[in-house]
Protein chains: 2
Amino acid sequence: MNIGQAARGSGISTKMLRYYESVGLLTTVRRTEAGYRVYSQDDVGTLRFVRRARDLGMPLDRIKHLIGLWQDEGRSSADVKRVATEHVVELRARITELTRMCEALEHMADACHGDHRPECPILEELADEGHCAPTPPEAARRKHRQGAAGKSPFGALQGVA
Amino acid sequence: MNIGQAARGSGISTKMLRYYESVGLLTTVRRTEAGYRVYSQDDVGTLRFVRRARDLGMPLDRIKHLIGLWQDEGRSSADVKRVATEHVVELRARITELTRMCEALEHMADACHGDHRPECPILEELADEGHCAPTPPEAARRKHRQGAAGKSPFGALQGVA
DNA sequence: CCTTGACCTTCCCACCATGGGAAACCTCAA
DNA sequence: TTGAGGTTTCCCATGGTGGGAAGGTCAAGG
């Protein structure tokens, strides 16, 4: 079967089928003499596996790991469970972080009248000067590397959306 | 003050300060004769505003919008509140989606013994054949566009992490 | 046989926000 | 004057996804 059929059968776009192949998620993709990709029914099974794992928010390398276990008859379910649990932990971390953001913003929005006047607690909170030290008060002013200063607030959050 | 000081004072990396400027988040960045960027105390205030909005998971264009309102004395708080509420809605959508994933995966993991044997409900669920129709059963086999088949499961989720 | 249209190929670009690093230049203190 | 450390611009990478161009293939119908 051609790539289009495989796409429809797996629910993954042809773009992504080629991409997954390029990053090594699918090992054996046969070709016709003309260079067309040829997919077997088994390939589509693997692709559906991939799609379901993506639906759970897994990054491709974790899915690759899982496929390896899936195809390894000698696996132990403990290994699979570990991968799954790892992902659950990350999902929970993201949920916690988003919940924190959401609650903070809801709290600010609740305090806002939302009328025609310019006064707004949301802006005041965001602009608040005394919120975090404007500069390390009287600390080392020379000899300071920038180092960990600008760390992304989203360091631990990668992958899905 | 130089970019390094501004970075330490705002909690945003120098990389990001240059990037934010390049995408128009900061309008007026003065330069010394030598080409060094010069930041005022006010600039650092704006940058802290940006950082707090980022901490709430806002994408830069929303922050840009918010800064516009912040600097507009004639704004109405309703406009600010609308932007905030819009963001709350998106955060909640992401949380819902992640929670769905998390619960599904937890459910699978709970069913897995996690021992030395290869049998694993997690893999079985991911590989499940009768899960979604293998191919539109006997539907139009010719004349089918691929269309909406491969839509990303994360369409509505962009921005943070 | 040739056209047409659906399909396929590769390659590049864009998104979003962030970091890494190179090569060159500036500044200030010792 | 030298050296260290700050700064500049420029390019590249990430992770998944989509868009599109330029060209090759294939099958059906005239």
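So you know, we letter chains A, B, ... as the sequences are listed, proteins then strands, and number each from 1.
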Enquirer: Find the bend of the helix from C:dC1-D:dG30 to C:dA30-D:dT1 as the angle between its two terminal axes (five pairs each), to the nearest 10°.
Expert: 40°

Enquirer: So, is A:R31 close to the C:dT10 phosphate, meaning a side-chain N or O under 4.0 Å from OP1 or OP2?
Expert: yes

Enquirer: A:R18 side chain N/O closer than 4.0 Å to the phosphate oxygens (OP1, OP2) of D:dG16?
Expert: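 For D:dG16, neither OP1 nor OP2 has a side-chain N or O of A:R18 closer than 4.0 Å.
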
Enquirer: Grab the CG-C1' distance between B:D61 and C:dA14 for me, whole Å please.
Expert: 15 Å

Enquirer: Taking CD from A:E21 and P from C:dC11, how many angstroms apart are they, rounded to a whole number?
Expert: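 In whole Å, C:dC11 P and A:E21 CD are 13 Å from each other.
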
Enquirer: Can you measure B:R62 atom CZ to C:dC15 atom C1' for me and round it to whole angstrom units?
Expert: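 After rounding, the gap between these two atoms is 16 Å.
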
Enquirer: For A:D43, give me all partners under side-chain hydrogen bond (donor to acceptor under 3.5 Å, both in side chains), at least two apart in sequence or on another chain.
Expert: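 With neighbours one apart ignored, the set is A:S40.
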
Enquirer: Using 4.0 Å as the upper bound for N to carboxylate O, is an ion pair formed by A:K64 and A:D61?
Expert: no

Enquirer: Look at the side-chain N and O atoms of A:S13 and state whether any lies under 4.0 Å from the OP1 or OP2 oxygen of D:dG18.
Expert: yes

Enquirer: When the distance from CE of B:M58 to P of C:dA17 is rounded to whole Å, what number comes out?
Expert: 13 Å

Enquirer: Quick one: is D:dT7 close enough that its OP1 or OP2 comes under 4.0 Å of any side-chain N or O from B:R37?
Expert: no

Enquirer: Tell me the closest heavy-atom pair linking A:H116 and B:S76, and the distance in Å.
Expert: O-CB, 3.2 Å

Enquirer: So, OP1 or OP2 of D:dT17: does either fall under 4.0 Å of a side-chain N or O from A:Y20?
Expert: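 For D:dT17, OP1/OP2 do have a side-chain N/O of A:Y20 under 4.0 Å.
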
Enquirer: At less than 4.0 Å, is any side-chain N or O atom of B:N2 found next to OP1 or OP2 of D:dT7? Yes or no.
Expert: yes

Enquirer: Could you give me the CA-CA distance, side-chain angles and deciding distance for B:Y39 and B:L26, then say whether side chain to side chain contact (heavy atoms under 4.5 Å, CB included) is met?
Expert: CA-CA 11 Å; B:Y39 294 83; B:L26 280 47; 4.3 Å; yes

Enquirer: What donor-acceptor contacts under 3.5 angstrom involve side-chain atoms of residues 105-113 of chain B, with partners at least two apart or in another chain?
Expert:
unit_1 : atom_1 : unit_2 : atom_2 : d
B:E106 : OE2    : A:R92  : NH1    : 2.1

Enquirer: What is the distance, to the nearest angstrom, from the CD atom on A:Q5 to the C1' atom on D:dC26?
Expert: 13 Å

Enquirer: Please report the distance, rounded to the nearest Å, between CD1 in B:I63 and C1' in C:dT18.
Expert: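 Spelled out: CD1 on B:I63 to C1' on C:dT18 is 14 Å.
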
Enquirer: For A:Q71, which residues count as a side-chain hydrogen bond (donor to acceptor under 3.5 Å, both in side chains) partner, sequence neighbours excluded?
Expert: none

Enquirer: Please enumerate all residues that pass side-chain hydrogen bond (donor to acceptor under 3.5 Å, both in side chains) together with B:R37, with sequence neighbours excluded.
Expert: B:E21

Enquirer: Extract from the structure each pairing of a protein N or O with an N or O of nucleotides 22-27 of chain C at less than 3.5 Å, listing the distance.
Expert:
unit_1 : atom_1 : unit_2 : atom_2 : d
C:dC26 : O2     : B:Y36  : OH     : 3.3

Enquirer: Over how many whole Å does the gap from B:R51 atom CZ to C:dA17 atom P extend?
Expert: 17 Å

Enquirer: Side chains of A:L56 and B:L126: does their closest heavy-atom pair fall under 4.5 Å?
Expert: yes

Enquirer: Do B:S10 and B:R48 come close enough that some side-chain heavy atom pair is under 4.5 Å?
Expert: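 Touching, per the 4.5 Å side-chain cut-off.
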
Enquirer: Find the distance A:E90:CD to D:dG15:C1' and express it as a whole number of Å.
Expert: 14 Å

